[in-house]
> 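Quick one: the structure is below, and I'll ask about it shortly.
The first residue in the sequence is number 1, and the count goes up from there.
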Amino acid sequence: MTRHHHPDQHRLQRGQAPTYESLRAGHAQMGDRAEAQNSVIVQCGWGRLLIGQTFADYEVLANTLLDETPGERDIALYVADPQVVLSYAPQHLFLDPSDTLRLWFSDYRPARRGPRGFIIRPPQTISDWTEINNLYASAKMVKVDPERLTPREEGGPSFWLAEDEDTGEIIGTVMGLNHARAFGDPEKGSSLWCLAAAGQTLRAGVGEALVRHLVEYYMSRGCHYLDLSVMHDNKQAKALYRKLGFRKLRTFAIKRKNSINQPLFIGPDTDRELNPYARIITREARRRGIEVSIQDAESGIFVLAQGARRIRCRESLCDLTSAVSMTLCQNKRMTHRALQRLGLETPRFQLAADTATNAAFLAEHGALVVKPNNGEQGQGVAVDIRDPEALELAVEAARRFDNQVLLESYHPGDDLRVLVINYEVVAAAIRRPAEICGDGNRTIQELIERQSRRRQASTDGESRIPMDAETRRTVEAQGFSYEDVLPAGQNLFVRRTANLHTGGVLLDVTDQLHPRLREDAVRAARALEIPVVGLDFLVPTVDGPDYVIIEANERPGLANHEPQPTAERFIDLLFPLSANQP
């Protein structure tokens with residue numbers, strides 16, 4: 001990066017937002033000394049920041065954007081006359097539909113208490129950068145290459161991450177830029193970029209804490225304000241920024257049209273009415289030039305077509321899955337039989353019958369799982385039933401979803417989802433049941449409702465914690481009630497099943513999977529003769545050979561398995577000739 005100190009610009013009083021005219025005046029002053037100044041470019045690892053007011057020639061700014069590296073995302077910010085820049089390459093550049101917000105540090109008020117349960121620190125190892133990129137992948141953001149960063153001593157950016165104090169998990173990240181160091185800004189500004197927080201963390205306020213950390217860090221470095229860019233329709237983020245004192249700034253940003261930011265310049269997402277499990281597939285199909293026709297958005301039904309090949313899908317269930325294979329997965333008793341014929345490990349099972357027969361099966365195994373024989377999304381499932389009275393209540397609850405109720409021997413362990421596409425393991429993830437973390441102030445019911453809202457926000461409404469009898473039973477079985485205040489820092493599971501629809505979360509363990517689990521997952525898919533299947537294992541450890549397979553899902557969710565290429569492998573299966581297309 002070339003550093004320089006540009007001439008004094010139109011100065012503003014503290015606390016006063018700059019006007020559009022002031023930005024133009026500052027740019028005009030720079031234009032008067034065009035030959036004397038250098039254009040400033042900061043490499044951020046995910047793309048370049050082009051500081052608009054340091055470009056004396058708009059054509060140079062446009063051409064620099066056209067030199068964007070494939071796979072990266074460049075941004076020209078603080079552009080006073082965007083219409084002029086766009087005129088040099090109207091087919092390739094577009095005006096970014098984001099708002100720029102500014103917080104003057106004279107208006108900032110510190111939090112009354114600091115973050116609890118996590119620390120904020122700079123990345124220190126390769127593993128830290130990997131976890132940062134996993135967060136970016138989950139948020140559909142461009143990954144950062146730390147080797148490409150402009151060095152800090154040359155005015156480059158600084159990255160920060162939030163680390164859970166108990167687990168060591170990286171649960172948030174943010175990037176900041178000191179403008180005085182980057183381009184000699186006489187106003188001594190700073191800016192925030194690439195804020196991302198884990199949607200499944202139990203820690204509250206991670207995003208806010210990262211923003212506050214950056215504010216206070218740059219305040220200590222003598223900066224006067226912090227700018228950030230946020231999508232114009234991101235109401236949740238804007239509410240946070242308003243709370244902290246940010247105000248809208250009249251300036252503009254320009255980007256080059258590419259596949260990464262395509263939704264920003266082609267208009268509204270035509271697949272927005274689909275749920276995330278269907279949308280992840282249709283987006284990958286459109287990226288490859290495959291035609292998408294939505295037939296029933298509410299049910300997630302769409303048609304993919306390329307040339308003479310046409311395939312109907314309901315999310316990840318497609319025409320390649322036969323009716324018999326689908327039946328084998330839907331009927332859990334038939335699933336167990338099919339897998340047992342190949343010598344694969346499953347729970348012991350029988351259909352619920354009269355009270356005496358059920359009690360005898362419970363006495364034989366000590367603890368049972370009760371579930372509808374033909375059910376989905378964790379509805380009607382009760383886990384670790386240990387007394388006959390609770391067993392009958394669970395059977396009655398499950399019968400609301402299916403007349404046939406299956407009793408299974410209970411096996412403790414981690415809930416592992418293995419996704420098999422075209423008879424290859426594509427992803428594996430530990431599924432954790434919904435869990436809350438106490439803060440010493442809120443009741444358990446309030447914590448559940450708060451965590452449920454966070455899960456809904458991070459999954460487009462697909463995941464929520466139901467306030468039903470099973471949640472209450474799970475809480476009471478651990479000696480609590482909804483009205484109790486959970487001590488600060490104490491975790492509490494509020495569901496026994498790890499289904500995503502009832503608030504569960506996924507943690508990727510694909511690279512840790514034991515060879516036997518990998519091999520038997522493929523064997524199970526072949527036993528069911530199904531090309532796309534999500535197999536649910538219970539395992540003592542993911543890197544060990546022991547397991548039982550408890551279910552097979554014929555319509556597994558491909559979302560939430562980042563960073564694994566689930567949608568890519570699904571489209572490879574459906575349209576093999578498109579596999580090598582960019």
> Going by the rule salt bridge (charged side-chain N to carboxylate O under 4.0 Å, His left out), which residues pair with Glu551 if we only count those two or more places apart in sequence or in a different chain?
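In terms of salt bridge (charged side-chain N to carboxylate O under 4.0 Å, His left out), with neighbours along the sequence ignored, Glu551 is linked to Lys371.
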> Would you please name every residue forming a salt bridge (charged side-chain N to carboxylate O under 4.0 Å, His left out) with Arg203, sequence neighbours left out?
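Arg203 satisfies salt bridge (charged side-chain N to carboxylate O under 4.0 Å, His left out) with Asp164, Asp166 only.
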> Could you list the residues that satisfy salt bridge (charged side-chain N to carboxylate O under 4.0 Å, His left out) with Arg516, not counting sequence neighbours?
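Once residues adjacent in sequence are excluded, the partners of Arg516 under the salt bridge (charged side-chain N to carboxylate O under 4.0 Å, His left out) criterion are Asp520.
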> Using the salt bridge (charged side-chain N to carboxylate O under 4.0 Å, His left out) criterion, which residues pair with Arg526? Sequence neighbours excluded.
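So Arg526 forms no salt bridge (charged side-chain N to carboxylate O under 4.0 Å, His left out) with any residue.
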> Is the distance between the ring centroids of Trp46 and Tyr136 under 6.0 Å?
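So the answer is no for these two rings.
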> Can you give me the closest heavy-atom contact between Pro372 and Gly380, atom names plus distance?
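Answer, listing the atom of Pro372 first, then Gly380: CD-O, 3.6 Å.
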> Taking the six-membered ring for Trp, are His336 and Phe349 parallel (under 30°), tilted (30 to 60°) or perpendicular (over 60°)?
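Rings of His336 and Phe349: tilted, as their planes differ by 30° to 60°.
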> Roughly how far apart are Ile385 CD1 and Tyr410 OH, rounded to 0.5 Å?
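OH of Tyr410 is found 10.5 Å from CD1 of Ile385.
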> How far apart are the closest heavy atoms of Leu391 and Ala359, and which atoms are they?
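Heavy-atom minimum between the residues: CD2-N, 4.3 Å.
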> Would you mind telling me which of Leu351, Leu368, Asn331, Thr335 makes a side-chain contact (heavy atoms from CB on, under 4.5 Å) with Leu406?
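When side-chain contact (heavy atoms from CB on, under 4.5 Å) is applied between Leu406 and each of Leu351, Leu368, Asn331, Thr335, only Leu351 qualifies.
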> How would you list, by chain and number, every residue that makes a ring-ring contact (aromatic ring centres under 6.0 Å, His included) with Tyr241, sequence neighbours excluded?
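Expected list: Phe246.
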> Holding to ring-ring contact (aromatic ring centres under 6.0 Å, His included), I want the full list of residues that pass it with His514, two or more places apart in sequence or in another chain.
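ring-ring contact (aromatic ring centres under 6.0 Å, His included) list for His514, sorted by chain: empty.
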> If you round to the nearest 0.5 Å, how far is CZ of Phe105 from OG of Ser190?
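It is 4.0 Å, given to the nearest 0.5 Å.
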